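Step one of this worksheet: look at the structure below.
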Amino acid sequence: MPELPEVETIKNELSPHIIGHKITNVTILDEKLVRQPSVKEFRSRLIGEKITGIERRGKYLILGLSSGEALIIHLKMSGSLLLKPPERFTRAILHLDNGTTVHFRDPRRFGVMLLVKDKNAIIGKLGPEPLAAEFTPKILAQRLKKRTAPIKALLCDQGFVAGIGNMYADEALFRAGIHPLRSGKSLSGAEIERLHHAIQQTLRSAINKKGASVETYFRPDGQIGTAHFEFKVAHKRGEKCPNCGTPIQRILIRNRGSYFCPKCQKGA
DNA sequence: CCCGGAACCTGAAGGC
DNA sequence: TGCCTTCAGGTTCCGG
């Protein structure tokens with residue numbers, strides 16, 4: 001699933017192929033993908049535009065256009081952006097004036113594209129970037145103060161902190177030795193420090209591995225990422241905890257599979 | 001505002 | 001062979 005490290009990788013690897021190039025055509029094979037404006041207007045406002053920049057905010061990719069508008073892409077569960085045509089599940093294609101084609105592949109059809117004048121209308125509600133300098137243990141503590149929800153749910157809440165999803169939340173909590181059901185406000189200062197560090201280490205390490213290909217994530221050139229080979233608990237029910245050998249448990253939190261070591265992560 | 005659960009969506013994998 | 005269930009989960013919406 002594309003979370004922050006996967007979207008960051010896609011941004012980095014797509015960038016040299018698209019920056020400074022003009023969109024010559026837009027093929028929409030699944031109209032559900034285009035959230036706004038209408039498919040017709042989406043195409044006409046996009047064709048002829050030069051791509052001036054690409055950035056990531058949370059799990060959103062934002063392509064800046066010469067018109068000043070922004071093409072916002074969210075890959076949701078199963079989306080990828082590929083430079084070569086995949087065998088199946090192509091939902092849209094961007095054609096550029098240098099011959100590049102960007103194929104939006106999305107088996108589960110959750111993915112979204114929007115063309116907007118003001119990107120803040122979409123990304124304005126996101127919480128802090130977890131790898132930015134502004135995201136300090138102090139800020140994290142402040143945001144956790146009155147929250148009674150499970151820490152796992154808060155980490156996955158994009159308004160609380162942007163870019164973390166199910167698998168990296170599990171990995172960060174394991175690294176910090178914190179049980180996923182602990183309420184936000186129950187965490188001690190030392191635990192918040194550990195969690196802050198664990199979040200940044202987990203995400204940085206995954207970016208270095210070009211993301212985790214647990215299911216349908218591919219890099220633009222079709223290669224997989226290797227961050228999932230480093231996972232300690234995510235998607236490892238029944239396997240042994242690398243620290244203590246206790247079998248990894250799976251429980252549901254907010255209807256999401258949550259994996260943890262019941263011995264190393266205490267205090268539910 | 002905060003919390004939790006349902007809904008959206010479809011393929012892969014395993015059991016019988 | 002084929003049917004059924006489970007698992008995967010980012011986001012939005014809704015009710016309490």
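None of these values were measured; they are calculated from a predicted model.
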Q. To the nearest angstrom, how far is A/Ile251 atom CD1 from C/dC7 atom P?
A. 14 Å
Q: Would you mind listing every ring pair (Phe, Tyr, Trp, His ring centres under 6.0 Å) that reaches into residues 125-173 of chain A, with sequence neighbours excluded?
A: A/Phe135-A/His196, A/Tyr168-A/Phe231
Q. What residues, two or more places apart in sequence or in another chain, satisfy side-chain contact (heavy atoms from CB on, under 4.5 Å) together with A/Pro220?
A. A/Ile10, A/Glu13, A/Leu14, A/Leu83
Q. A/Lys76 NZ to B/dC9 P: how many Å, rounded?
A. 11 Å
Q) Starting at CG of A/Asp170 and ending at P of C/dG10, how long is that distance when rounded to a whole Å? A) 10 Å
Q: Just call it for A/Lys125: base, sugar-phosphate, or nothing, with non-hydrogen atoms closer than 4.0 Å on any strand.
A: nothing
Q.
Per the side chain to side chain donor-acceptor pair (under 3.5 Å) rule, what does the pair list look like for residues 83-94 of chain A, sequence neighbours excluded?
A. none
Q.
Restricting to side-chain contact (heavy atoms from CB on, under 4.5 Å), what partner residues turn up for A/Phe218, sequence neighbours left out?
A. A/Ser80, A/Leu82, A/Arg105, A/Ile224
Between the protein and nucleotides 1-5 of chain B, which nitrogen or oxygen pairs are less than 3.5 angstrom apart?
| residue | atom | partner | partner atom | Å |
| --- | --- | --- | --- | --- |
| B/dC3 | OP1 | A/Thr148 | N | 2.6 |
| B/dC3 | OP1 | A/Thr148 | OG1 | 3.2 |
| B/dC3 | OP1 | A/Ala149 | N | 3.0 |
| B/dC3 | OP2 | A/Arg147 | NE | 2.7 |
| B/dC3 | OP2 | A/Arg147 | NH2 | 2.5 |
| B/dG4 | OP2 | A/Arg254 | NH1 | 2.3 |
| B/dG4 | O5' | A/Arg254 | NH1 | 3.3 |

Q: Carefully, step by step, assess A/Leu131 and A/Leu4 under the rule side chain to side chain contact (heavy atoms under 4.5 Å, CB included).
A: CA-CA 10 Å; A/Leu131 293 179; A/Leu4 186 154; 4.2 Å; yes
Q: Scan A/Met1 against the nucleic acid and name what it touches under 4.0 Å (heavy atoms): base, sugar-phosphate only, or nothing.
A: sugar-phosphate
Q) Roughly how many Å is it from CD1 in A/Ile123 to P in C/dG10, rounded to a whole number? A) 19 Å
Q: Provide, to the nearest angstrom, the distance between the CZ atom belonging to A/Arg256 and the C1' atom belonging to C/dC7.
A: 11 Å
**Q.** Residue pairs passing the side chain to side chain donor-acceptor pair (under 3.5 Å) test where at least one lies in residues 120-143 of chain A, sequence neighbours excluded
**A.** A/Arg56-A/Glu129, A/Arg57-A/Glu129
**Q.** Lys/Arg N to Asp/Glu carboxylate O, A/Arg182 vs A/Glu191, below 4.0 Å
**A.** yes
Q) In the 5'-to-3' direction, what one-character label does each nucleotide of nucleotides 11-16 of chain B receive under the scheme B = base within less than 4.0 Å of a protein heavy atom, S = sugar-phosphate only, - = no such atom? A) B-----
Q: Find the distance A/Phe110:CZ to C/dT12:P and express it as a whole number of Å.
A: 12 Å
Q) Excluding sequence neighbours, so at least two apart, what forms side-chain hydrogen bond (donor to acceptor under 3.5 Å, both in side chains) with A/Arg250? A) A/Tyr259
(Q) Other members of the hydrophobic cluster containing A/Ile139, with the 4.5 Å side-chain heavy-atom rule, please. (A) none
Solution key, residues 148-156 of chain A side-chain donor-acceptor pairs under 3.5 Å, sequence neighbours excluded:
| residue | atom | partner | partner atom | Å |
| --- | --- | --- | --- | --- |
| A/Lys152 | NZ | A/Asn166 | OD1 | 2.7 |
| A/Lys152 | NZ | A/Asp170 | OD1 | 2.8 |
| A/Lys152 | NZ | A/Ser258 | OG | 2.7 |

**Q.** Spacing between A/Arg109 atom CZ and B/dC8 atom C1', to the nearest angstrom
**A.** 10 Å
Q) Mapping A/Arg237 and A/Gly165 onto DNA chain C by nearest heavy atom, which one lands closer to the 5' end? A) A/Arg237
Q: Nearest whole angstrom, please: distance from the P of C/dG9 to the CD of A/Gln158.
A: 14 Å
**Q.** With sequence neighbours excluded, residues passing side-chain contact (heavy atoms from CB on, under 4.5 Å) with A/Lys117
**A.** A/Arg45, A/Glu69
Q.
So if I take residues 217-236 of chain A and measure heavy-atom distances to DNA chain B, which residues fall below 4.0 Å?
A. none
